[in-house]
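Side chains are part of it too, since the values below use all heavy atoms of this structure and drop only hydrogens, waters and symmetry mates. In what follows, chains are A, B, ... by sequence order, proteins preceding strands, each numbered from 1. For clarity, every value in this text was computed on a predicted model and none was experimentally measured.
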Amino acid sequence: MDFFEQVWEVTKLIPEGRVTTYGAIAKYLGTARGARVVGWALNQSNMKADVPAHRVVNRVGMLSGAAHFGGEQMKVLLEAEGIEVKSNKVLKFKELFWDPVTELEV
DNA sequence: ATAGTGACTGAAC
DNA sequence: GGTTCAGCCACTA
């Protein structure tokens, strides 16, 4: 299985209305420093409707992927799940943060 | 096999 | 405390 698919697996496990970070996913997969690769994987998942890439943001809760997601599309999807978004940033990010390492306990 | 790139992150100035 | 620099991993040319 490609590293990409592993990323998608975790991404698909993100509960509705919650968000996570590239670093968290990377850490969960073992490559804590491979956050960039995670983002890259999500880039490929962009065309996959099965993967909620819109729930993945950078470490500060900013929709860094919005630019590659199709503009406001990402923001709309998040708000549709009850996630408040302001200036491409997730409000209450700290509360909505979902860490696979903690939630899934490996 | 080497070099370059990218939705990031952490440390230094 | 905000901005800048360098390091990381996986993938493509």
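With hydrogens and angles left out, the side-chain atoms of A:His54 and A:Gln73 include no donor and acceptor closer than 3.5 Å.
When the C1' atom of B:dT9 is taken as reference, atom OH of A:Tyr28 falls 21 Å away, rounded to whole Å. With rounding to whole Å, A:Arg59 atom CZ is found 10 Å from B:dA11 atom P. Straight-line distance from the CG atom of A:Leu29 to the P atom of B:dC8: 16 Å, rounded to whole Å. Between the P atom of B:dC8 and the CG atom of A:Asn88 lies a distance of 13 Å, rounded to the nearest Å. Rounded to an integer number of Å, the gap from CZ of A:Arg36 to P of B:dA7 is 8 Å. In this structure, A:Leu42 places its CG atom 14 Å from C1' of C:dA10, rounding to the nearest Å. The interatomic distance linking A:Gln6 (CD) with C:dA10 (C1') rounds to 12 Å, in whole Å. The nearest whole Å value for the distance from the CG atom in A:Leu78 to the C1' atom in B:dA7 is 14 Å.
Of the candidate nucleotides B:dT9, C:dA10, B:dA7, C:dA10 has the atom lying nearest to any side-chain atom of A:Phe3. Of all nucleotides listed (C:dC9, B:dA7, B:dT9), C:dC9 comes nearest to the side chain of A:Val37. Relative to the side chain of A:Asn43, the nucleotides B:dA7, C:dC8, B:dT5 differ in distance, and B:dA7 lies closest. Of the candidates B:dT9, C:dC8, B:dC8, the closest approach to any side-chain atom of A:Arg33 belongs to C:dC8.
Checked by atom type and distance alone, the side chain of A:Arg55 pairs as donor or acceptor with a backbone atom of A:Ile14 at under 3.5 Å.
Environment of NZ in A:Lys12: crowded, with over 12 heavy atoms of neighbouring residues, nucleotides or ligands closer than 6.0 Å.
At the heavy-atom level, A:Gly39 lies under 4.0 Å from base atoms of the strands shown. Heavy atoms of A:Ala41 sit nowhere under 4.0 angstrom from any nucleic acid atom. Residue A:Phe4 is in sugar-phosphate contact alone, with no base atom involved, counting any heavy-atom pair closer than 4.0 Å across all strands shown.
At a threshold of 4.5 Å between non-hydrogen side-chain atoms, the residues A:Gln44 and A:Trp8 count as touching.
For the atom pair NZ of A:Lys75 and CD of A:Glu72, the computed distance is 5.5 Å after rounding to the nearest 0.5 Å.
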